Amino acid sequence: MILIDWKMPEMDGLETARRIRSIVGPEVTIIIMTAYDWVSIEHEAKLAGVNLLMSKPMFKSALVSAFTKALGEKEEEARRPDTEDYDFTGRRVLLAEDNAINTEVAVMLLESKGFVVDTAENGLRALELFSKSPTGYYDAILMDIRMPLMDGLTAAANIRHLSNQDAGTIPIIAMTANAFDEDIEKSRAAGMDAHLAKPIDPGRMYQTLYDFIYMASE
Ligand SMILES: [Mg+2]
């Protein structure tokens, strides 16, 4: 495992990681540590072959959980099915999206892998549907950020405050256009668990749902 600081003179952590990765191959875990907000370098870090970004100052508990996560993720990657092998039969997703074409495409992609999909055309409707659902009815929520009446951030924050037993644990996955980096940050603050860039990459969507629905419960 290699721990690299991000801000360093001469060569920064990203470049260091990139060069080390090209030498060591995929087996070694590379972690970048930073005291700065790392949302803006998340994508670049991934491309450089960084497995994990960590905030400084580092606490013992955070270090241990980061190491466990970094090492665990490798095992999980090996266990993930190929895109064509995903089967979510019997699982139910709540899809909140205001754009009719995006909705149609996402529903088709989800249903093709066995999901039952309920749709909401805005955040308010999503909140209403979730609040009326019995515990465990939905396995995950896919939430567009920019929607009329109630946006995805507000809807997610409201869902987290509902009295439903699974309100705090239901995976909520934000869907954001690539350009809106601040949305990713805000979606975390609103209690969302992950984000998918739009246009949605089917493989990434299945993988993310798979991780939350099947891996989290293990
Ligand atoms: Mg929208």
Side-chain angles (χ1 to χ4, degrees), residues 37-47 53 83 86 88 91-164 166-216:
D37 180 26
W38 42 259
V39 169
S40 61
I41 61 158
E42 212 175 358
H43 183 64
E44 204 190 330
K46 210 160 220 161
L47 292 179
L53 290 149
T83 299
Y86 282 106
F88 296 98
R91 301 292 182 163
R92 188 181 272 101
V93 157
L94 174 56
L95 170 71
E97 164 67 65
D98 64 313
N99 180 288
I101 292 166
N102 289 350
T103 303
E104 196 180 317
V105 170
V107 167
M108 187 197 73
L109 289 170
L110 292 163
E111 286 181 345
S112 77
K113 298 297 176 194
F115 271 114
V116 173
V117 187
D118 287 351
T119 58
E121 65 279 9
N122 59 60
L124 193 61
R125 180 74 183 136
L127 177 65
E128 187 187 320
L129 284 174
F130 183 80
S131 73
K132 287 179 183 163
S133 68
T135 303
Y137 185 78
Y138 291 114
D139 293 286
I141 300 173
L142 287 169
M143 184 80 82
D144 183 25
I145 299 290
R146 314 221 163 181
M147 293 185 288
L149 289 185
M150 184 186 285
D151 65 37
L153 297 171
T154 312
N158 280 326
I159 285 172
R160 290 294 184 225
H161 287 105
L162 287 172
S163 58
N164 300 46
D166 52 348
T169 52
I170 177 97
I172 307 180
I173 299 155
M175 298 183 292
T176 57
N178 272 327
F180 303 125
D181 259 359
E182 79 271 26
D183 281 348
I184 299 170
E185 207 174 337
K186 283 184 194 155
S187 62
R188 274 205 195 101
M192 299 205 221
D193 300 291
H195 84 276
L196 292 169
K198 295 210 275 188
I200 297 294
D201 171 66
R204 263 196 69 82
M205 179 172 70
Y206 299 142
Q207 185 191 83
T208 304
L209 286 164
Y210 183 87
D211 284 356
F212 279 102
I213 293 172
Y214 296 100
M215 299 294 190

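All ligand and atom numbering here is 1-based and tracks the order in the structure. Remember, predicted model here, so these are calculated numbers, not experimental data. The figures here come from the full heavy-atom set of this structure, side chains too, leaving out hydrogens, waters and symmetry mates.
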For this session: State the atom name: nearest N, O or S atom of Asp98 to the Mg ion (ligand 1).
Result: OD1
Problem set entry | CD1-CG distance between Ile145 and Leu153, expressed to the nearest 0.5 angstrom | 4.0 Å
For this session: Name the orientation class of the two ring planes belonging to Tyr206 and Phe88 (parallel below 30°, tilted from 30 to 60°, perpendicular beyond 60°).
Result: tilted
For this session: Could you tell me whether any N, O or S atom belonging to Ile145 is less than 2.8 Å from the Mg ion (ligand 1)?
Result: no
Exercise. Taking the N/O/S atoms of Asp144 one by one, which is nearest to the Mg ion (ligand 1)?
Worked result: OD2
Problem set entry | Pair Asp118-Tyr138, side-chain donor/acceptor within less than 3.5 Å | yes
Exercise. Is the backbone of Ser131 close enough, under 3.5 Å, to the side chain of Asn164 for a donor and an acceptor to pair up by distance?
Worked result: yes
